[in-house]
Amino acid sequence: MTYTKFANTDIKLSSIGLGCMGMSSAYGEKDDVESIATLERSIELGINFWDTADIYANGLNEELISKVLTKNRDKIFIATKFGFRMKNDIGDSFSGEVYIDASPKYIKEAVEKSLKRLNTDVIDLYYAHRVDLNIPIEETVEAMSQLVREGKIKYLGLSECSADELKRAHAVHPISALQSEYSLLTRDVEKEILPLTKELGITLVPFAPLSRGLMSNSLEVNKLIDKDFRRNLPRYNGEYLDNNQKLSSEFATFAQNKNCTSAQLAIAWIIAQSDNIIPIPGTKRRKYLEENVEAVNLKLDSKDLETIENILKKYPNIGPRYSQRENKFVKSK
């Protein structure tokens, strides 16, 4: 494993982290035994950065992680998020009715619940999962900064915010990490967010770096079960799916020529975009974890990057990343 400087600190985080959402929600049936084995294996492989959120399986993902985190607390930099709330106690952000609450009052409640579920005294990185349109970002960040002063969290993060919101938030209290979807198929952050994070010394944490499996060239879309929320995403249907499968196939051919897998090449491409990036590919299986970590050793030169750009240009009809339901919670980057 290689390691990357975290924001404006001396902390070294593994050059890829582990996204834990899929262990408990969104991507079909869960397997707690294999997920725990995957968490344990990640430590053996040198990964020291895990990502979760209180909304994943309505808190169950944090509880699952705690089974391994508790006995390895000194080895893991744990990140979790707040902001999504259920209108009832059924489902999670992918299957239930949700809204955003980043109010100071709710933040106090949310952090206590996450601390309890994670079975820890302090959260290393605490994100506002989305910006609350009813609350000025300054109020949200000021409430989060109070948690730093109380010793309940160490560093502040935002997820899926605009460049203007990031600037305003950072003026209230240093923002150490910005999480957004960033992949070969989702590149909005390149316009303003990525340059701004570099300017401010903020770590960019891309989630879904494999485009939710599309760029792995191993996903059998027709076998996705009803519980898998990708079934309803535009990129997995119709003309968009046809485009993306052709793109993935040609990308896989190039990966083979590089003696690596599509997943490794896609992650390596993300890492190559900037020295302040730490992607968090998610998995609940050891075999994919072991495959993903090899990406840190794959070096791409300018010719490789140009070849990838040319492949992408041939298949521009990738489609929107979210359906209308999810898209209402995402801002333009």
Side-chain angles (χ1 to χ4, degrees), residues 4-13 17 48-55 62 76-85 100-118 120-182 189 192-207 274-278 280 329-333:
T4 300
K5 181 175 177 287
F6 174 64
N8 290 315
T9 75
D10 293 326
I11 296 170
K12 297 291 186 179
L13 298 183
N48 63 0
F49 183 29
W50 294 352
D51 181 270
T52 182
D54 59 5
I55 195 63
E62 289 180 325
I76 297 299
F77 189 91
I78 188 67
T80 192
K81 300 178 279 293
F82 75 92
F84 276 109
R85 297 190 70 176
I100 303 299
D101 184 354
S103 64
K105 179 180 178 181
Y106 178 63
I107 291 170
K108 294 179 181 180
E109 175 186 336
V111 73
E112 295 298 337
K113 290 181 177 179
S114 285
L115 286 166
K116 183 178 180 180
R117 286 190 292 256
L118 289 167
T120 186
D121 294 328
V122 61
I123 293 166
D124 296 306
L125 174 59
Y126 200 45
Y127 292 99
H129 209 155
R130 293 290 187 273
V131 174
D132 188 337
L133 299 181
N134 299 310
I135 303 289
I137 190 67
E138 291 85 352
E139 291 185 22
T140 295
V141 173
E142 176 55 38
M144 294 171 72
S145 71
Q146 178 60 34
L147 299 181
V148 175
R149 291 188 286 272
E150 293 173 4
K152 294 177 179 178
I153 66 176
K154 293 182 179 179
Y155 300 100
L156 272 55
L158 298 178
S159 180
E160 297 283 15
C161 69
S162 68
D164 177 66
E165 288 162 344
L166 180 57
K167 291 177 185 177
R168 289 162 50 201
H170 196 69
V172 175
H173 186 281
I175 302 299
S176 297
L178 188 285
Q179 185 173 124
S180 282
E181 184 169 348
Y182 186 23
V189 298
E192 294 182 276
I193 288 292
L194 180 54
L196 182 58
T197 57
K198 292 194 69 174
E199 175 188 335
L200 298 178
I202 296 170
T203 295
L204 180 65
V205 181
F207 68 86
S274 179
D275 59 6
N276 71 320
I277 288 177
I278 303 178
I280 49 169
F329 297 118
V330 178
K331 294 201 171 194
S332 173
K333 304 305 182 297

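What's counted below: heavy atoms across the whole structure, side chains too, no hydrogens, waters or symmetry copies. Predicted model, so just to flag it, every value in this text is computed and none were measured.
With sequence neighbours left out, the salt bridge (Lys or Arg N to Asp or Glu O under 4.0 Å) criterion links Glu142 to Arg149. The ring pair (Phe, Tyr, Trp, His ring centres under 6.0 Å) search around Tyr127 returns none, not counting sequence neighbours. The side-chain hydrogen bond (donor to acceptor under 3.5 Å, both in side chains) search around Ser114 returns Glu62, not counting sequence neighbours. Residues satisfying the side-chain hydrogen bond (donor to acceptor under 3.5 Å, both in side chains) criterion with Glu109, sequence neighbours excluded, are Lys113. Residues forming a side-chain contact (heavy atoms from CB on, under 4.5 Å) with Ala53 (at least two apart in sequence, or on another chain): Ile55, Tyr56, Lys81, His129. With sequence neighbours excluded, the residues that form a side-chain hydrogen bond (donor to acceptor under 3.5 Å, both in side chains) with Thr52 are Asn61. With sequence neighbours left out, the salt bridge (Lys or Arg N to Asp or Glu O under 4.0 Å) criterion links Lys152 to Glu112, Glu150. With sequence neighbours excluded, the residues satisfying side-chain contact (heavy atoms from CB on, under 4.5 Å) with Ser103 are Asp101, Lys105, Tyr106, Ile135. With sequence neighbours left out, the side-chain hydrogen bond (donor to acceptor under 3.5 Å, both in side chains) criterion links Tyr155 to no other residue. In this structure, the side-chain contact (heavy atoms from CB on, under 4.5 Å) partners of Ser274, at least two apart in sequence or on a different chain, are Leu194, Lys198, Asn276, Ile277.
The CG atom of Asn8 lies 8.5 Å from the CG atom of Leu200; values are rounded to the nearest 0.5 Å. Note: Ser145 OG to Leu156 CG = 7.0 Å, rounded to the nearest 0.5 Å. Atom CG of Leu125 is separated from atom CG of Leu13 by 9.0 Å, given to the nearest 0.5 angstrom. In this structure, CD1 in Ile202 is found 13.5 Å from CD in Gln179, a value given to the nearest 0.5 Å. Rounded to the nearest 0.5 Å, atoms OG1 (Thr120) and CG (Leu115) are 7.0 Å apart. Rounded to the nearest 0.5 Å, atoms CD1 (Ile153) and CG (Leu147) are 4.5 Å apart.
Shortest non-hydrogen contact noted between Thr9 and Phe6 is OG1-O, 2.6 Å. Scanning both residues, Asp54 and Ala110, for their nearest heavy atoms gives OD2-CB, 4.1 Å. Across all their heavy atoms, Glu160 and Glu181 have their closest contact at OE2-N, 3.5 Å. Contact detail for Val189 and Pro195: the closest heavy-atom pair is O-CD, 4.0 Å. Of all heavy-atom pairs spanning Ala163 and Leu196, the tightest one is O-CD2, 3.5 Å. In terms of heavy atoms, Val131 sits closest to Cys161 at CG2-CB, 3.7 Å.
Between Leu166 and Leu158 there is a side-chain heavy-atom pair separated by less than 4.5 Å.
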| task | Could you please spell out the steps behind the side-chain contact (heavy atoms from CB on, under 4.5 Å) verdict for Phe207 and Asp51? | result | CA-CA 10 Å; Phe207 68 86; Asp51 181 270; over 6 Å; no

| Gln146 and Ile107: CA distance, side-chain angles, deciding distance, side-chain contact (heavy atoms from CB on, under 4.5 Å) verdict | CA-CA 10 Å; Gln146 178 60 34; Ile107 291 170; over 6 Å; no

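Sorted by first then second residue, the salt bridge (charged side-chain N to carboxylate O under 4.0 Å, His left out) pairs that include residues 168-177, not counting sequence neighbours, are Glu138-Arg168, Asp164-Arg168. Counting only residues at least two apart or in different chains, ring-ring contact (aromatic ring centres under 6.0 Å, His included) contacts with residues 157-179 are absent.
Each of Val205, Ile78, Ile76 was scored for a side-chain contact (heavy atoms from CB on, under 4.5 Å) with Phe49, with one residue passing: Val205.
Judged by distance alone, the side chain of Thr197 and the main-chain N or O of Thr203 form no donor-acceptor pair under 3.5 Å. A donor-acceptor pair under 3.5 Å is absent between the side-chain atoms of Glu139 and the main chain of Pro136, judged by distance alone.
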